[in-house]
Amino acid sequence: MTRLNTTILLLILLATGACTSNQAIKLDTSVSGAYRFEDGTLFSLSPSNETRIRMLNYDNGEPYSLYYTQEDGFNIAKGFGSTDFFATGDFHYDDKQEIIAAKWTQDGVSKVLTKLPLVRKTVMFKSGDLMLRGELTLPEGKGPFPVVVTVHGSESSSAVDYYQWPYLLAANGIAGFKYDKRGTGGSEGEYTQHFPTLAGDTVAAINYLRSEHNIDMEKVNLLGFSQGGWIAPLVAKEINIQSYIIAFGTSVPTSREDRWGYVKRLIDNSYGEKEIGYADEINALITQIVVYHNEAAWDELLALKDKYQDAEWFKVIANSDSMLGFVSSKLTHPLVGLMPDIGWKWYTQWKRGDSKGPGFNRTYQPLETLSTLNTPSLWLLAGEDTSLPTPETAQDLAALKSQGLPIDFTVYPGAEHGNVMYTTDAEGKRTYTHYVESYFQDVVNYFQQQNDVAPLR
């Protein structure tokens with residue numbers, strides 16, 4: 001490759017978002033916790049970023065965005081990131097400068113949010129040679145308490161800083177434990193998505209809880225999100241737990257999950273089996289190159305690139321949540337004509353990095369694990385999930401349940417990945433509005449039933 005083409009390649013990589021930076025963000029977690037209005041409505045708060053606090057309504061899934069002001073207060077908007085302010089507020093502190101309440105003022109009327117006196121304890125625990133950071137949140141009253149350990153999705157952000165589930169659980173009589181996965185937040189190590197490694201870290205978290213006298217180790221539960229739907233059952237296979245919930249997870253292998261990203265996009269845009277077959281053909285060649293390092297597949301892949309890159313169905317799948325969606329987004333970029341074929345080979349090798357073959361994740365068959373478990377579980381699935389194949393997952397779970405396994409599942413109609421609801425404008429642009437109305441209560445109610453905890457409200 002000439003120096004000119006190398007320069008062009010680098011410009012394309014920059015223009016198409018191939019290079020990213022990951023800078024540490026300083027967050028104020030002193031606001032984190034559960035709060036209650038005088039009428040009994042329960043909320044949780046935690047940082048959303050360095051300038052915004054996310055507030056969640058336990059009763060109906062509505063989110064609010066609280067933005068700090070120079071007057072040490074905050075402006076309030078409804079939604080995940082809206083700045084359409086309709087109220088103001090400020091925090092109240094005790095003589096130790098700890099938050100005990102917040103004032104909410106709307107249309108000249110003020111009301112008080114009292115912060116519940118939950119115990120939050122930051123801990124460090126060992127997983128192998130690494131130290132991982134966790135946070136235990138205990139309910140009011142005397143233990144020992146049942147506990148729910150959260151199992152991460154694929155995100156690389158800090159669970160300790162951002163997750164609000166332990167506060168909602170503790171406000172309802174169940175301890176919550178969250179921890180930063182290795183290589184994130186305050187935990188040591190290198191970030192990974194290797195399922196057995198992450199399952200081992202969750203087992204280490206559970207073993208740490210044995211040292212906490214306020215925890216009932218006969219009532220340990222898991223709450224897994226997205227990728228956690230593959231990991232939590234591996235934990236349940238290795239260590240005895242009371243129950244687990246999988247939120248917007250799947251029972252299919254990772255290859256089938258990846259395929260769903262472009263299949264769902266094609267179906268939603270009224271394409272059928274013919275176009276799905278074309279996409280599958282390209283995806284199979286990409287898999288051979290990226291996963292199995294089969295360089296002989298390049299000629300056929302480049303030929304299909306020339307054949308399909310201008311087709312409307314190929315443009316439709318650009319940026320879908322799939323490996324093919326990523327490739328399509330690059331091939332439909334305005335600067336794609338400047339990229340020579342050798343550039344695509346270099347780019348793919350750069351994206352592939354130092355991966356060595358398919359590995360565990362690629363060959364893992366989740367149904368084989370699920371079919372061996374007698375641990376009660378509840379799956380809360382998003383009906384319009386564009387990342388995970390809810391129809392296939394629901395079919396698998398129904399089959400397992402018919403075999404007598406203690407599996408229950410609910411499909412939330414109209415919900416996207418994350419169990420969030422949305423509106424769509426005339427151009428097809430989505431605005432995410434709120435969580436499924438019953439989602440938070442469904443989680444808490446199940447864990448209360450599994451652990452013989454009486455509802456507190």
Side-chain angles (χ1 to χ4, degrees), residues 34 37 41-49 52-67 76-87 150 152-155 157 162-165 167-169 172 223-229 245-250 257 260-261 263-270 319-322 325 378-394 397 408-447:
F37 274 124
T41 306
L42 177 65
F43 290 83
S44 61
L45 273 71
S46 72
S48 178
N49 57 37
R52 184 175 68 226
I53 303 166
R54 178 155 295 158
M55 179 175 177
L56 300 177
N57 187 327
Y58 169 76
D59 289 342
N60 61 18
E62 288 187 343
Y64 295 83
S65 295
L66 282 55
Y67 293 81
I76 307 169
K78 182 177 289 188
F80 287 105
S82 171
T83 54
D84 185 12
F85 303 126
F86 69 92
T150 56
H152 317 74
S154 61
E155 73 277 4
S157 54
Y162 293 110
Y163 277 18
Q164 298 193 23
W165 276 107
Y167 314 134
L168 293 175
L169 289 161
N172 285 280
L223 175 56
F225 310 100
S226 190
Q227 188 181 93
I245 289 178
I246 301 301
F248 47 95
T250 186
E257 172 268 333
W260 178 250
V263 169
K264 173 68 171 168
R265 182 73 66 84
L266 288 171
I267 292 173
D268 287 349
N269 285 273
S270 302
N319 290 310
S320 61
D321 190 4
S322 62
L378 172 64
W379 297 63
L380 301 174
L381 307 175
E384 293 299 319
D385 200 321
T386 57
S387 296
L388 303 174
T390 291
E392 292 182 52
T393 303
L397 297 177
D408 290 300
F409 66 93
T410 295
V411 177
Y412 295 130
E416 171 59 293
H417 195 69
N419 289 337
V420 292
M421 305 300 291
Y422 59 90
T423 59
T424 306
D425 64 18
E427 297 178 352
K429 181 180 178 181
R430 289 183 175 185
T431 298
Y432 295 98
T433 55
H434 60 284
Y435 289 94
V436 171
E437 184 173 352
S438 66
Y439 173 39
F440 299 153
Q441 295 185 49
D442 288 344
V443 170
V444 170
N445 289 344
Y446 183 79
F447 284 135

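In this structure, CG on L388 lies 11.0 Å from CD1 on I246, to the nearest 0.5 angstrom. Atom OH of residue Y162 and atom CZ of residue R54 lie 10.0 Å apart, to the nearest 0.5 angstrom. For the atom pair CZ of F43 and CG of D59, the computed distance is 7.5 Å after rounding to the nearest 0.5 Å. Here the CD-OG distance, from Q227 to S387, works out to 12.0 Å after rounding to the nearest 0.5 Å. For the atom pair OG1 of T250 and CD of E257, the computed distance is 7.5 Å after rounding to the nearest 0.5 Å. Annotation: the span from S44 atom OG to L169 atom CG amounts to 10.0 Å, rounded to 0.5 Å.
Using a 30° and 60° split on the angle between ring planes, F86 and Y64 fall in the tilted class, from 30° to 60°. Relative orientation of the F440 and W165 rings is perpendicular, given thresholds of 30° and 60° on the angle between their planes.
Taking the side chain as every heavy atom from C-beta outward, Y432 and P63 never approach each other to under 4.5 Å. Between Y167 and Y58 the shortest side-chain heavy-atom distance does not fall below 4.5 Å. Using a 4.5 Å heavy-atom threshold, the side chains of K264 and E384 count as touching. Looking only at side-chain heavy atoms (C-beta outward), W260 and T393 stay at 4.5 Å or farther from each other.
Here the shortest heavy-atom pairing between L42 and A34 reads CD1-CB, 4.1 Å. Summarising the geometry of A247 relative to Y439, their closest heavy-atom pair is CB-OH, 3.3 Å, with the distance given to 0.1 Å. For the residue pair G79 and S65, the shortest heavy atom distance occurs at O-OG, 2.8 Å. Nearest heavy-atom pair, G261 versus S320, reported as atom, atom and distance to 0.1 Å: O-CB, 3.4 Å. Nearest heavy-atom pair, G383 versus T390, reported as atom, atom and distance to 0.1 Å: CA-CG2, 4.4 Å.
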**Study point:** Stepwise side chain to side chain contact (heavy atoms under 4.5 Å, CB included) test for L397 and L381
**Key:** CA-CA 11 Å; L397 297 177; L381 307 175; 4.2 Å; yes

Exercise for review: Would you check, one step at a time, whether the test side chain to side chain contact (heavy atoms under 4.5 Å, CB included) holds for Y163 with L223?
Suggested key: CA-CA 12 Å; Y163 277 18; L223 175 56; over 6 Å; no

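Here the side chain of E155 pairs a donor or acceptor atom with the backbone of G153 at under 3.5 angstrom.
Other residues, nucleotides and ligands contribute at most 12 non-hydrogen atoms within 6.0 Å of the CD atom of E437.
Applying the ring-ring contact (aromatic ring centres under 6.0 Å, His included) rule to F80 yields the partners Y435; only residues at least two apart in sequence or on another chain are considered.
Here W379 and Y446 keep their ring centres 6.0 angstrom or further from each other. Residues F85 and Y67 bring their aromatic ring centres within 6.0 Å.
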Listed pairs under 3.5 Å, donor-acceptor, residues 415-430 side chains, sequence neighbours left out:
residue	atom	partner	partner atom	Å
E416	OE1	T386	N	2.9
E416	OE1	T386	OG1	3.3
E416	OE2	T386	OG1	2.7
E416	OE2	R430	NH1	2.7
H417	ND1	D385	OD1	3.2
H417	ND1	D385	OD2	2.9
H417	NE2	S226	OG	2.9
N419	ND2	L380	O	3.4
Y422	OH	R430	NH2	3.2
D425	OD1	E427	N	3.0
D425	OD1	G428	N	3.0
D425	OD1	K429	N	2.8

